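Computed from a predicted structure; not experimentally measured. Below, chain A is the first sequence line, B the second, and so on; all start at residue 1.
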Amino acid sequence: MDVSELLDGLNDNQREAVAAPLQNMLVLAGAGSGKTRVLVHRIAWLMQVENASPYSVFAVTFTNKAAKEMRARVEQTIEGSAGGMWIGTFHGLAHRILRAHHREAKLPESFQILDSDDQQRMIRRLLKAMNIDEKKWPAKHIAWYISAKKDEGLRPGDIQAYDVNEQLLQRVYSAYQEACDRAGLVDFAEILLRCYEVLQQQPTLLRHYQQRFAHILVDEFQDTNTIQYRWLALIAGDTNSMMIVGDDDQSIYGWRGARIENIKRFLDDFDAETIRLEQNYRSTATILKAANTLIENNSERMGKSLWTDGNQGEPISIYAAFNELDEARFIVGKIKTWLQAGNALSDSAILYRNNAQSRVLEEALLQEGMKYRIYGGMRFFERQEIKDALCYLRLVSNRQDDAAFERVINTPTRGIGDKTLSHIRDCARAESLPLWYAAKAIIEQQHLSGRAATAVTRFLELVDGIEARIGDLTLAEQAKYAIENTGLMAMYQAEKGEKGRARVENLEELINACEQYELPVDEEFSSPLQGFLAYTSLESGEGQAEEHEDAVQMMTLHSAKGLEFPLVFMAGVEEGMFPSQQSQEESGRLEEERRLCYVGMTRAMDKLYITHAEARRLYGQEKYHSPSRFLRELPDDCIEEIRVRTKVTAPQQSSRFSPSLTQAAFADSGFNLGQRVLHAKFGEGTVLNYEGAGAQSRVQVNFDDVGSKWLVTAYARLQAL
DNA sequence: ATCCCAGAACTTTTT
DNA sequence: GTTCTGGGAT
C-alpha cells in the first residue's frame with residue numbers, strides 16, 4: 001500500500017495521530033471515533049515510513065477478540081503477514097514471556113493456568129486445611145482479595161495487616177501462593193505479576209525486550225490496572241514511541257481494579273502529547289447530544305465532546321412500562337415492527353444492567369418466535385465436563401498440578417473416598433509434596449487398605465498410561481484417547497436427560513476444538529498439548545460451537561462495550577437497577593454507572609429506546625422503582641416519552657397488591673379472572689399481580705396506547721400450587 | 001455413592 | 001422468586 005493511502009479517508013485528527021513523529025502519545029478516542037483504525041494505520045505507518053521492523057511492534061489489548069481483530073486488520077492494511085509482531089492481550093503476552101523464561105520465573109516448564117473456578121476450589125481446600133470457617137470467609141471473597149492484591153503488585157510480605165481480619169486474609173494468601181508454587185500453577189493475576197517481577201529482576205532480559213519493542217501500542221488504556229501500567233512502563237523503558245488509546249468516559253471496570261487515573265499518570269510519566277478523536281461515525285446527532293449532556297455530569301473528566309456531521313435522527317424514545325413483562329412486551333413489539341420494515345434481527349440489541357433481567361425478555365421473544373442470542377454466561381472451556389477432560393490432560397502434562405489432581409481423582413467415581421483423599425492430603429502437607437507424589441509415597445509405604453490402595457494405584461496407572469500412549473498421536477487423538485479411557489465419556493453417556501446429551505456433545509466438540517487448534521509457531525511450548533492447555537485457559541472458548549444465525553443480540557451493558565447496533569434498547573433504566581443500589585451507597589461508584597450509561601447510549605447507531613418499569617418483581621418481591629436519574633439528565637429536545645408515567649399506588653400496609661384489590665379492579669372493569677382474554681380500560685394504579693388462596697396466578701397485561709386511557713388485553717394464567 | 005432438601009445468594013467480566 | 005450448593009441422610 002502506498003503511504004498516502006494510509007492517510008486517505010482519515011480525518012485531520014486521525015491523520016495527526018497516525019503520522020505523528022516518534023513520541024509518546026495519548027489518543028483520547030471517543031466512542032465510535034475510529035480508534036482501532038488509527039492503531040492499525042499507525043502500525044502500518046511505522047513500518048512503511050519509519051522503517052520499523054515487524055519485530056519491534058508490541059500491541060496490547062484486553063480481549064482476545066480485539067487482538068484478533070487488530071491482527072487481521074493490520075495484515076489487511078499492510079497486505080502481508082503480521083508475523084513477528086507481538087499483538088495480544090495483556091495476559092497472552094505476559095504468558096508468552098513467562099513460557100519463554102519459565103526458569104527465571106521459577107516455574108516448571110509445564111506450568112498451568114488456573115481459572116477463577118480452579119482458584120476458588122484451591123482456596124476452599126486450604127480453608128478446610130487451615131480450619132477456617134468458610135461461612136465467615138467465603139472462598140469467593142478471598143479469591144477476590146488475593147487477585148486485588150496481585151493487581152496492585154503486592155505479595156503477602158508487602159501487606160501491612162493491621163487488624164486480625166486482614167491478617168487472616170494475608171495468611172491465606174500466603175498459603176495459597178505456596179500451594180500454587182508447589183503445584184506449578186499460576187492464576188490470571190499471577191501471570192502479570194510474575195512476568196513483571198521477572199523482567200524487573202533480570203536486567204539482561206528486560207534490556208532485550210526493551211530494545212526489541214521500540215513501538216508499544218495499547219488499546220483501552222482506561223481499563224489498565226496498577227500492575228498492567230507498571231508492566232507496560234517497564235517494557236517501554238525510555239522508549240519514546242508509545243501510543244496509548246483510551247477514553248476516560250468509557251472506564252467501566254473500576255470495580256475490578258482498573259485505574260482511570262492511569263491515563264493522566266501516563267501523560268506525566270511519559271511526557272506525552274494528547275490527540276483527541278471527537279468526530280463520531282456511528283450515531284445520530286441526537287444520540288450524541290444526549291450522551292454528551294449526560295456525561296457532562298461527571299467531574300474530573302479529561303474533556304471531550306463527540307460530534308457528527310451526520311443526520312439528526314429520531315429522538316430517543318423513553319417508555320415507562322407498567323412492569324417488567326410490559327417492558328419486555330414493548331421491546332419485542334418494537335423489534336417486530338423493525339423486522340417487518342425489512343431489517344435484520346441481528347442489527348438489534350437489548351442491553352441490560354444485570355443478567356437476571358434477560359429472563360423475562362427471553363420469554364417474550366420466545367413467545368413471538370423470535371430468535372435471540374445471549375452473550376456472556378458459561379463459557380465453553382469452563383463447562384464441568386470440559387474441565388474434567390482438561391484436568392486429565394493437565395495432570396498428564398504436569399503431575400504436580402494439585403488442582404487437576406483433586407478434580408479428577410474420583411471423577412468418574414472409582415472408589416476413592418474422603419478418607420483416602422485426606423490421607424493423601426495429610427501426607428502431601430507433611431512432606432510438602434504435590435498430591436500426586438504423596439499418593440505414590442503412601443502406596444509405597446502401604447499406609448492404605450487393600451481396596452483403597454488398588455483404586456489409587458489404578459488411578460496413577462491410568463494417568464501414566466495415557467501419557468505413555470499418546471506420544472505419537474495428534475492432539476485430537478490424544479484428547480479422544482483421554483476422554484474415552486478415563487471413563488469420562490461413559491460417565492456422561494450414562495447421565496440421562498437433555499443435560500447428559502449436551503455434555504456428550506460438548507466432549508465431542510472438545511475433540512473438534514483440538515483438531516481446529518493451531519500451535520503458534522513462534523511461541524515456546526514443549527508440546528502441542530501444552531499449547532492447547534494454555535489456549536483453553538487464556539481463551540475461554542467464546543465462539544466455540546457457536547451458531548451464526550439472524551438473532552436479536554442480548555447482553556449486559558458491560559459486554560456491549562466496543563460494539564454497535566442500528567437499533568438499541570436499554571432496559572430497566574431505574575433507580576436501584578441502573579444506577580445499581582450498591583453504586584448509590586459507595587462513593588465514587590455513581591460516576592462509573594453514568595459512564596456505563598454513556599457506553600450503552602453510544603452503542604446505538606440509528607435509534608435508541610430506553611425503558612423502565614414502574615413495578616418489577618425482583619428476588620421474589622415487588623419493587624417500585626422511580627425512573628433513573630440518568631433519564632432526568634438527558635436534554636428534553638432529544639427525547640420523546642412514549643407513555644407518560646403514572647403513579648403506581650401500593651396499599652399502605654403491604655408492598656404487594658392485595659387479592660381483593662385485584663379482584664375489585666377486574667370486577668370494576670366488568671371482567672372476571674379466569675376468562676382467557678379480557679378487555680378492560682384501566683386507569684392509574686393498575687393492579688398487575690393477583691395472588692389468591694390456594695392458587696397463584698400471574699396476570700400478564702398487554703398495554704397499548706389509546707388516547708388518554710389504555711386499552712388493556714389481559715389474560716390470567718392460573719397455576720395450581 | 002447417591003439423592004434430596006434446606007439455606008444462601010443475588011451487579012457488572014476478561015483473562 | 002429461582003437457582004445453586006453443601007451437608008446430611010439413605
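- Among dT11(B), dT15(B), dT12(B), the nucleotide with an atom closest to any side-chain atom of Leu538(A) is dT15(B).
- Residues that satisfy the ring pair (Phe, Tyr, Trp, His ring centres under 6.0 Å) test with His101(A), not counting sequence neighbours, are Tyr209(A).
- Under 4.0 Å is where a charged nitrogen must lie from a carboxylate oxygen, and between Arg394(A) and Asp118(A) at least one such pair does.
- Among the nucleotides dT13(B), dT15(B), dC10(B), the one closest to any side-chain atom of Lys140(A) is dC10(B).
- When the P atom is used for both dT11(B) and dC4(C), the distance is 16 Å, rounded to whole Å.
- For Ser116(A), the listed nucleotide lying nearest its side chain is dT15(B); candidates were dA1(B), dT15(B), dT11(B).
- Side-chain proximity of Asn64(A) to the nucleotides dC10(B), dA1(B), dT15(B) is greatest for dT15(B).
- Among the atoms of the strands shown, none is found under 4.0 Å from any heavy atom of Asp187(A).
- For Gln582(A), the listed nucleotide lying nearest its side chain is dT11(B); candidates were dT3(C), dT13(B), dT11(B).
- Annotation: of the two residues near DNA chain B, Asp418(A) and His558(A), the 5′-most nearest-nucleotide partner is Asp418(A).
- Using a 4.0 Å heavy-atom cutoff across all strands shown, Ser559(A) reaches sugar-phosphate atoms only and no base atom.
- In this model, no donor atom of one side chain and acceptor atom of the other lie less than 3.5 Å apart for Gln222(A) and Arg595(A).
- Between the side chain of Arg353(A) and the base of dT11(B), no donor-acceptor pair under 3.5 Å is found.
- Contact annotation for Glu593(A): base contact, defined as any heavy-atom pair under 4.0 Å involving a base atom.
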